[in-house]
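Only this structure's heavy atoms are used, side chains among them; waters, hydrogens and symmetry mates stay out.
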Amino acid sequence: MEEENETLTTDFTLLGLFPNMKYVSILIYIIILIYLAAVIGNFILLLLIWMDLRLHTPMYFLLSQLSLIDLALISSTVPKMMVNFFSGRKDITIVACGTQMFFFFTLGGAECILLTLMAYDQYVAVCNPLRYAVIINHEVCLQMVIVSWTGGILVSTVHTSYTMNLPICSSREIHHFFCEMPAIMKISCKDTSTYEVVVFVMGIAFIIIPFGFIMSSYTFIFLTVLHMKSPQGRNKALATCSSHLTVVSFYLGPCVYMYMTPGSSHSPDQEQVVSVFCTVLTPMLNPLIYSLRNKDVVGAFQKVLRKHLASKWKT
């Protein structure tokens, strides 16, 4: 197809969530409830970590960063989807589309790196507890956060720059509810097979290698836990580690499907299902996973609740 027919100045059209679905409004309302639950859950977790001195530790500092990323990640896609649905407008400017994609990839990349570093934190806490305070100090925690955000920004800059400069020769309709890279690559009149290899290589760097580090860390952790004499210490370590592994599988699993398999191997609807799971469900589930099985977080919540009830009783 000739590239001279391309148009570079018009807006894109977001077809929205499952445009051919009959009762999509029901799904939209469910996603709104999930969005509210994600915002409230992550906000409460951030508040508890900030208010309770017992949670002022490296592990919970990193967990607070994960909550911030989750809040920003779900807010980078769902509000725009809701505005488009209720207003009936489906257009999005090139600048807004590029901005949305940039933040999406920045947050996604940062989360991949942060999950890896959180696994390392767990490894040091369980396998080398006597030196934990020396190895994972405040300065190291800040460096971990900086590395996470820097890595996310770098990968986002590459993907956004390439995707937003692709020539679009015919329809500018994006079969998605937000500006997702694979969806835009599908409407380009340029052969993107070479860049798909680049995406695959980046997937190895940001998904497979981190997953390998995470699994290596937890292999050593489980071997150490097996030799623990204290049942209480063993159960606490297993609960914390299982929570983290659950979050990792929920997040990295869909990423492998989306970015490490050929775009032609899955349909637009399949891509949307994976995107909903990754960008909507996971940010809502993360605070639940980390809090329900974490006695420190549950204890902090009960403490705040008792203080609030006591103050209301006095007044």
Partner set under side-chain hydrogen bond (donor to acceptor under 3.5 Å, both in side chains) for [X], not counting sequence neighbours:
X    : result
S76  : none
T106 : S156
S75  : Y35
K90  : none

Exercise for review: For the residue pair F250 and F277, categorise the inter-ring angle as parallel (less than 30°), tilted (30 to 60°) or perpendicular (more than 60°).
Suggested key: perpendicular

If you count heavy atoms of other groups shown closer than 6.0 angstrom to [atom1] of [X], is the number above 12?
X    : atom1 : result
F86  : CZ    : yes
F211 : CZ    : no
F220 : CZ    : no

Partner set under ring pair (Phe, Tyr, Trp, His ring centres under 6.0 Å) for [X], not counting sequence neighbours:
X    : value
Y257 : H266
F104 : F178
H159 : F105, Y195
F200 : none

Check your understanding: Can you name the salt bridge (charged side-chain N to carboxylate O under 4.0 Å, His left out) partners of D91, sequence neighbours left out?
Key -> R89

Backbone N or O of [Y] within a donor-acceptor pair of the [X] side chain at under 3.5 Å?
X    : Y    : result
N165 : Y162 : no
T279 : I74  : no
H56  : W50  : yes

Study note, to complete from the structure: Residues pairing under salt bridge (charged side-chain N to carboxylate O under 4.0 Å, His left out) where one sits in residues 42-54, two or more places apart or in two chains, turn out to be D52-R54

Exercise for review: Could you point out which residue of L55, I49, V145 forms a side chain to side chain contact (heavy atoms under 4.5 Å, CB included) with F61?
Suggested key: V145

**Study point:** Partners passing side chain to side chain contact (heavy atoms under 4.5 Å, CB included) against T116 (at least two apart in sequence or in another chain)
**Key:** P210, F213, I214

Revision key, fill the gap. Sorted by chain and residue number, the side chain to side chain contact (heavy atoms under 4.5 Å, CB included) partners of S193 (sequence neighbours excluded) come out as D191

Check your understanding: Do you see a donor-acceptor pair shorter than 3.5 Å between the side chains of D121 and Y132?
Key -> yes

Point to revise | Distance SG-SG for C112, C255 less than 2.5 Å | key: no

